[in-house]
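To start, the structure itself, in structure tokens.
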Amino acid sequence: MIIMPAIHGLNKTTLLDYPGRVAATIFLGSCNFRCPFCQNSSLVLHPADEPVIPEEEVLSFLKKRRGILDGVCISGGEPTLASDLEDFICKIHALGYPVKLDTNGTRPDVLKHLAERGLIQKTAVDIKACPDNYPSLTGMMHPDLTAIQETVSFLLHGNLDYEFRTTVVKELHNENDFIQIGQWLKGAKAYYLQAYRDSDEVLQPGFSSYSLEELEHFRKILLTTIPLVEIRGID
């Protein structure tokens with residue numbers, strides 16, 4: 001499934017989306033998953049109904065903010081579905097910005113191509129669950145695990161800067177997920193446990209987060225195979 005890119009959101013300043021940089025985040029629609037805990041349900045379910053920001057407007061903003069911003073994060077939705085993503089990133093690079101790409105890992109060929117051309121400097125891959133639980137966590141009967149495994153392998157054995165991350169939902173994840181993820185991502189350079197936050201924008205509102213103590217327990221499990229594991233999004 002390839003779609004024409006549409007810019008559905010622009011976060012003009014963030015310290016969170018591109019760690020270590022003051023960045024802007026650009027949101028592209030749509031998505032090939034239906035994760036029940038997704039925070040961007042409007043982009044997933046009805047992207048055509050969402051307002052579109054003209055590309056020229058976004059590029060003009062980035063041009064004006066040179067010297068203030070020092071990075072751009074491209075998120076979604078699933079941005080690798082956009083047919084002219086490469087061209088769009090080239091325009092951002094021409095303004096002097098490094099680019100971080102957020103992805104669910106289902107299109108490794110796109111990720112590899114962008115990395116090999118030097119068009120992305122970092123990627124964040126959302127690991128939804130252990131492989132066995134991907135169908136229930138993605139809302140898809142047959143998610144393309146082969147593609148996701150290829151993305152993981154490329155990052156573990158490649159040169160592109162990356163992080164893996166999982167939004168942890170109390171009703172959907174358990175200890176076994178993180179035992180298996182720890183083996184799957186063994187030796188990864190960075191992995192983040194993100195506390196779930198409920199909102200009206202969630203695809204299926206009503207889930208809850210584990211406590212900090214419970215997340216620390218999962219973190220200790222992961223630290224046996226991954227040297228850097230941190231917790232985000234909890235006080």
Side-chain angles (χ1 to χ4, degrees), residues 1 3 5-19 21 23-53 58 71-82 85 99-107 122-130 133-140 143 148 151 162-174 177-178 181 190-212 214-215 218 230-235:
M1 179 177 69
I3 60 172
I7 300 170
H8 289 298
L10 173 64
N11 183 355
K12 293 184 175 181
T13 308
T14 174
L15 298 175
L16 300 176
D17 293 344
Y18 197 151
R21 294 184 178 272
T25 301
I26 299 166
F27 297 92
L28 306 180
S30 151
C31 193
N32 51 356
F33 281 169
R34 295 293 181 268
C35 306
F37 56 95
C38 176
Q39 296 280 350
N40 293 323
S41 61
S42 56
L43 287 183
V44 172
L45 297 177
H46 311 291
D49 296 336
E50 292 299 297
V52 175
I53 305 172
V58 173
V72 173
C73 176
I74 298 179
S75 191
E78 175 50 44
T80 62
L81 296 172
L85 176 64
V99 173
K100 170 178 168 279
L101 181 71
D102 292 349
T103 179
N104 59 25
T106 53
R107 304 202 67 216
K122 184 169 185 170
T123 188
V125 178
D126 287 306
I127 300 297
K128 304 300 182 179
C130 65
N133 285 342
Y134 254 74
S136 60
L137 269 290
T138 61
M140 309 295 289
I148 296 166
T151 293
Y162 69 89
E163 65 178 49
F164 296 116
R165 60 195 189 187
T166 298
T167 298
V168 189
V169 184
K170 193 165 190 176
E171 292 81 2
L172 301 175
H173 296 98
N174 58 46
D177 280 288
F178 299 103
I181 288 171
Y191 181 92
Y192 293 89
L193 295 164
Q194 300 184 156
Y196 170 80
R197 290 178 182 266
D198 202 29
S199 76
D200 291 339
E201 272 295 303
V202 174
L203 193 61
Q204 295 180 22
F207 295 116
S208 58
S209 175
Y210 281 103
S211 68
L212 177 58
E214 290 166 324
L215 291 172
F218 298 149
E230 300 292 347
I231 296 169
R232 287 176 174 159
I234 196 165
D235 298 328

Main-chain N/O of [Y] paired with [X] side-chain donor or acceptor, under 3.5 Å:
| X | Y | result |
| --- | --- | --- |
| Arg197 | Gly233 | yes |
| Arg21 | Gly71 | no |
| Lys100 | Asp17 | yes |
| His8 | Pro51 | yes |
| Asp198 | Ser208 | no |
| Gln39 | Ser199 | no |

With heavy-atom distances below 4.5 Å as the criterion, would you say the side chains of Pro19 and Glu163 are in contact?
yes

Measuring from [X]:[atom1] to [Y]:[atom2], what's the distance to the nearest 0.5 Å?
| X | Y | atom1 | atom2 | value |
| --- | --- | --- | --- | --- |
| Glu214 | Ile231 | CD | CD1 | 11.0 Å |
| Tyr210 | Ile234 | OH | CD1 | 12.5 Å |
| Gln194 | Glu230 | CD | CD | 12.5 Å |
| Ile127 | Tyr192 | CD1 | OH | 14.5 Å |
| Leu137 | Asp126 | CG | CG | 11.5 Å |
| Lys170 | Ser211 | NZ | OG | 6.5 Å |

Residue pair [X] / [Y]: nearest heavy atoms and the distance that separates them:
| X | Y | value |
| --- | --- | --- |
| Leu101 | Pro79 | CD1-CG, 3.7 Å |
| Tyr18 | Val99 | CE1-C, 4.0 Å |
| Ile181 | Ala129 | CD1-C, 3.7 Å |
| Cys35 | Leu203 | O-CD2, 3.2 Å |
| Leu10 | Ala24 | CD1-CB, 4.3 Å |
| Leu193 | Leu215 | CD1-O, 3.6 Å |

Checking [Y] against [X]: is there a side-chain donor and acceptor pair closer than 3.5 Å?
| X | Y | answer |
| --- | --- | --- |
| Tyr191 | Thr166 | yes |
| Asp102 | Ser75 | yes |
| Asn32 | Asn104 | yes |

Within 6.0 Å of CZ in Arg232, more than 12 heavy atoms from elsewhere
yes

Evaluate side chain to side chain contact (heavy atoms under 4.5 Å, CB included) for Leu172 paired with Tyr196, printing each intermediate quantity in order.
CA-CA 11 Å; Leu172 301 175; Tyr196 170 80; over 6 Å; no

Side chain to side chain contact (heavy atoms under 4.5 Å, CB included) evaluation trace for Phe27 with Asn11:
CA-CA 8 Å; Phe27 297 92; Asn11 183 355; 4.2 Å; yes

Check the angle between the aromatic planes of Phe178 and His173 and answer parallel, tilted or perpendicular using the 30° and 60° thresholds.
tilted

Would Thr151 and Thr123 satisfy side chain to side chain contact (heavy atoms under 4.5 Å, CB included), going step by step from the backbone distance to the final call?
CA-CA 11 Å; Thr151 293; Thr123 188; over 6 Å; no

Step by step, work out the side chain to side chain contact (heavy atoms under 4.5 Å, CB included) result for Leu81 and Leu28.
CA-CA 9 Å; Leu81 296 172; Leu28 306 180; over 6 Å; no

